[in-house]
Amino acid sequence: MTQIMNNETGPLSEEYIDRVRTLAQTIDSGNTDEAARLLDELTSLREKTLFQELGRLTREFHEALQSFRLDSRIASLAAQDFPDARERLNYVVSMTAQSANRTMTAVEESMPLCDSLEERATGLKQEWSRFTQRKMSADEFRDLSRRLGEFLDGVNDDAPRLRANLQEVLMAQDFQDLTGQIIHRVVQLVDEVESNLVELIRISGQGLVAERQDEQPEDRIAASGPPVPGVDTGTVAGQDEVDDLLSSLGF
Amino acid sequence: MNKNIKILIVDDFSTMRRIIKNLLRDLGFTNTSEADDGLTALPMLQSGNFELLVTDWNMPGMQGIDLLKAVRADPNLAHLPVLMVTAEQKKEQIIEAAKAGVNGYIVKPFTAQTLKEKLEKIFERIEASQ
């Protein structure tokens, strides 16, 4: 009896011990009527504690379920925040695409300018070295001088265009700040959903945890996009490791 | 190395296609076409006399690995050199691509130099086998 009560309600209270002692003394003295009465008292005391505990648990459970059901935040997560997050992420995709295109347009425009500058400079350099070696006639020098003038005019025109294109590349990076803020907001939403899910699992008991073993093992071949450091495992750390792996396979 | 060969670039992101196209042009390859996934790429390959396929892995519709397998399974395309340019970099995936007969594997983000090296390696091997 002592052992059972210990397991169910913790250490035996003074109240119980006193009553059990009185009961034992009453039985020893042969007063069976009084002993039966004391035994009834003990039983009802025990039941009262159990019912109180059960009542407390029921009330807590009810309140938890009720508060979870009444939490309008969950409803608004599903109805509003998720579609909202989807829109925000789509906006991130379009902003980054726009930025990439702005940058590439500027670069595509600048490349031919660089090529042309280099080509003209190379031609003039050869002419110039002929001049410094005094291998050039006066007529040829007049021609070189005219072309040098044209080249310098060209540099004066091209340099500001290159500068403007570089400026454009710089400004096209403004997406990082904006998309970063948007993504942070979505991460906050995911955090909130996570803590709500954890709460739901806590309330509904451990049943869900036991079923986890039925989950499908991860398909290691299926495409999963860029690996994220600290999240994805079993990935190579860059091109060198890809090359090593392939050469170990006979490539 | 023949710079006039016809190259098909397959990636679902137009920005990545544009980057690869620009890099190839800098290397002297100007005869390029584009497709946004395996399903659009395969008919183009079957009718287009392409001499090199540069493909991403993760795409809607038909993925790059399945495109590679389809190419190897088609008698007319079986010998087409395939260069994979992808963010997928699990060891199992690289091995899978190697088994499927990929000719080169570049992980994103990559440099112009890497693309150049892998292309040269592919063409060296082709020339050596001829």
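Every chain is numbered from 1 and lettered A, B, ... according to where its sequence line falls, protein lines coming before strand lines. Hydrogens, waters and symmetry mates play no part in the numbers below; they use all other heavy atoms, side chains included.
Taking each heavy atom of A:L246 and B:A98 in turn, the nearest pair found is CD2-CB, 3.9 Å. The two atoms that bring B:A87 and A:P227 nearest to each other are O-CD, 3.3 Å, heavy atoms only.
Listed by first and then second residue, the salt bridge (Lys or Arg N to Asp or Glu O under 4.0 Å) pairs that reach into residues 76-92 of chain A are A:R73-A:D81, A:D84-A:R88, sequence neighbours excluded.
Shown here are the salt bridge (charged side-chain N to carboxylate O under 4.0 Å, His left out) partners of A:E53, two or more places apart in sequence or in another chain: A:R56. Under the rule for a salt bridge (charged side-chain N to carboxylate O under 4.0 Å, His left out), A:R134 has no partner lying at least two apart in sequence or in another chain.
Of the two parts of A:I221, the backbone and the side chain both hold a non-hydrogen atom closer than 4.5 Å to a non-hydrogen atom of chain B. With a 4.5 Å cut-off on non-hydrogen atoms, B:I95 touches chain A through its backbone and its side chain both.
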Could you pull out every donor-acceptor pair under 3.5 Å between chain A and chain B?
residue: A:N101; atom: OD1; partner: B:R18; partner atom: NH1; Å: 2.8
residue: A:T105; atom: OG1; partner: B:R18; partner atom: NH2; Å: 2.9
residue: A:E108; atom: OE1; partner: B:R18; partner atom: NH2; Å: 3.1
residue: A:E108; atom: OE2; partner: B:R18; partner atom: NE; Å: 3.0
residue: A:E108; atom: OE2; partner: B:N22; partner atom: ND2; Å: 2.6
residue: A:R220; atom: NE; partner: B:E92; partner atom: OE2; Å: 3.0
residue: A:R220; atom: NH2; partner: B:E92; partner atom: OE1; Å: 3.4
residue: A:I221; atom: O; partner: B:Q93; partner atom: NE2; Å: 3.2
residue: A:A222; atom: O; partner: B:Q93; partner atom: NE2; Å: 3.1
residue: A:S224; atom: N; partner: B:E88; partner atom: OE1; Å: 2.8
residue: A:S224; atom: N; partner: B:E88; partner atom: OE2; Å: 3.0
residue: A:S224; atom: OG; partner: B:K90; partner atom: NZ; Å: 2.9
residue: A:G225; atom: N; partner: B:E88; partner atom: OE2; Å: 2.5
residue: A:G234; atom: O; partner: B:K91; partner atom: N; Å: 3.1
residue: A:V236; atom: N; partner: B:Q89; partner atom: O; Å: 2.8
residue: A:V236; atom: O; partner: B:Q89; partner atom: NE2; Å: 3.0
residue: A:Q239; atom: OE1; partner: B:V107; partner atom: N; Å: 2.8
residue: A:Q239; atom: NE2; partner: B:Y105; partner atom: O; Å: 2.9
residue: A:D243; atom: OD1; partner: B:K118; partner atom: NZ; Å: 3.1
residue: A:D243; atom: OD2; partner: B:K118; partner atom: NZ; Å: 2.9

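At most 12 non-hydrogen atoms from other residues, nucleotides or ligands lie less than 6.0 angstrom from CZ of B:F13. Residue-environment remark: CZ (A:R147) exceeds the threshold of 12 foreign heavy atoms within 6.0 Å. In this structure, A:E194 places its CD atom where only 12 or fewer heavy-atom neighbours from other residues, nucleotides or ligands lie under 6.0 Å away.
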